[in-house]
Engineer: 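Next up is a structure, given as structure tokens.
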Amino acid sequence: MEAQQVEIEAVLFDLDGVITDTAEQHYLGWQRLADEAGIPFDREANEALRGVSRVESLALILGDRPVPLEEREQMMARKNDYYVASLADMGPDDALPGARELVTGCRARGLKVAIGSSSRNARTVLAALGMLDAFDGIADGASVEHAKPAPDLFLHAASLIGTAAEACVVLEDARSGVDAALAAGMRAVGIGPEERVGHAHLRYDTVADVDIDEVLAPRR
Ligand code: BG6
Ligand code: MG
């Protein structure tokens, strides 16, 4: 789905892996949990978890292992404890290079900016970065029932800031997030390697490489 001619009015930012490198801390939390449970897991397997909700991440790690719901809940809580503990030292310097400037630059152009993150910890992370007030709206892991790659989270973020889906552009580092943006009928900008986010309308290796004029330019 693509509405190329509509002028962009808002930029929706994924959080983990776009604004800050918490993608790595999520990975380390899952790796520790998997190691403790004796389940094979590594960085490569983690690629499938990027941007994926907590419950679905655990389901992917467990595969077809028959683990009762209660135990799954405990495993998710443990991983979250590891993750939250790893945020203790996080501060304003932990925004990815160029991320803060990109957000303020968008605002300076009169664009609305919002967060569309699958994480239930999104506000905690933004607070640690000193960026809670940097956005006009925050959609997080508790905002909608259907996680990325469903379009719901980005559609919710767009509704929070009163912007039509086709007037939004999404910045995403995850395959599932680019899928969600495309499913929402939004312009998608991938941050990361071609093999992960090459299906976005535009792609940059890092947030610091994003050329906002190119992102906003009318597309054919
Ligand atoms: C996404 C991350 O932003 O949030 C995933 O990319 C993570 O790695 C997901 O699993 C859910 O996060 P949380 O903090 O609710 O467990
Ligand atoms: Mg991400």
Side-chain angles (χ1 to χ4, degrees), residues 11-34 41-62 72-88 90 94-96 98-99 102-103 114-129 131 135 138-150 152-154 156-157 169-182 184 186 188-193 195-197 199-200 203-207 210:
V11 184
L12 310 184
F13 291 82
D14 174 50
L15 176 65
D16 299 314
V18 171
I19 297 292
T20 181
D21 195 20
T22 34
E24 176 68 9
Q25 283 151 271
H26 277 292
Y27 160 65
L28 293 173
W30 287 124
Q31 183 69 64
R32 182 168 166 193
L33 187 86
F41 185 68
D42 56 19
R43 260 179 206 284
E44 201 187 326
N46 182 65
E47 277 305 301
L49 273 53
R50 200 177 267 269
V52 171
S53 71
R54 197 181 306 174
V55 66
E56 282 162 28
S57 296
L58 180 65
L60 286 169
I61 290 172
L62 294 177
R72 286 178 188 247
E73 301 280 1
Q74 288 166 1
M75 292 175 99
M76 286 191 286
R78 224 160 72 228
K79 182 271 175 178
N80 195 54
D81 287 347
Y82 300 153
Y83 176 67
V84 171
S86 77
L87 300 177
M90 183 175 235
D94 290 307
L96 277 167
L102 187 58
V103 175
I115 286 286
S117 168
S118 303
S119 175
R120 289 174 178 262
N121 293 298
R123 284 173 193 274
T124 307
V125 171
L126 287 169
L129 295 170
M131 292 183 78
F135 297 91
I138 298 173
D140 66 15
S143 298
V144 296
E145 191 185 340
H146 301 292
K148 302 171 190 177
D152 305 36
L153 187 67
F154 287 130
H156 179 68
V169 59
V170 171
L171 266 62
E172 254 295 346
D173 72 312
R175 179 175 294 127
S176 61
V178 171
D179 290 342
L182 297 175
M186 297 176 180
V189 176
I191 307 293
E195 59 271 24
R196 193 167 79 211
V197 291
H199 55 315
R203 186 196 68 80
Y204 301 97
D205 289 334
T206 72
V207 183
V210 172

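For this chain, numbers begin at 1 and follow the sequence in order. All ligand and atom numbering here is 1-based and tracks the order in the structure.
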Engineer: Do Arg54 and Met75 have side-chain heavy atoms sitting under 4.5 Å apart?
Structural biologist: no
Engineer: Please check if the side chain of Ser117 supplies one atom and the backbone of Leu15 the other of a donor-acceptor pair under 3.5 Å.
Structural biologist: no
Engineer: With the side chain counted from C-beta on, respond yes when Val125 and Leu87 share a heavy-atom pair under 4.5 Å apart, and no when they do not.
Structural biologist: yes
Engineer: Does a salt bridge link Glu195 with Arg175, judged by any charged N lying under 4.0 Å from a carboxylate O?
Structural biologist: no
Engineer: Which pairs with one or both residues in residues 118-129 pass side chain to side chain donor-acceptor pair (under 3.5 Å), sequence neighbours excluded?
Structural biologist: Asn80-Asn121
Engineer: Can any side-chain N or O of Ser176 pair as donor or acceptor with the backbone N or O of Lys148 at less than 3.5 Å?
Structural biologist: no
Engineer: Heavy atoms under 4.0 Å from ligand 1: which residues qualify?
Structural biologist: Asp16, His26, Leu49, Gly51, Val52, Arg54, Ser57, Ser117, Ser118, Ser119, Arg120, Asn121
Engineer: Indicate the ring-plane relationship of His26 and Tyr83, choosing parallel, tilted or perpendicular according to the 30° and 60° boundaries.
Structural biologist: parallel
Engineer: Spell out the protein N/O/S atoms under 2.8 Å from the Mg ion (ligand 2) as residue plus atom name.
Structural biologist: Asp14 OD2, Asp16 O, Asp173 OD1
Engineer: Is a side-chain donor or acceptor of Glu172 paired with a backbone partner of Ala181 at a separation under 3.5 angstrom?
Structural biologist: no
Engineer: For Asp205, what residues pass the side chain to side chain donor-acceptor pair (under 3.5 Å) criterion, not counting sequence neighbours?
Structural biologist: Arg203
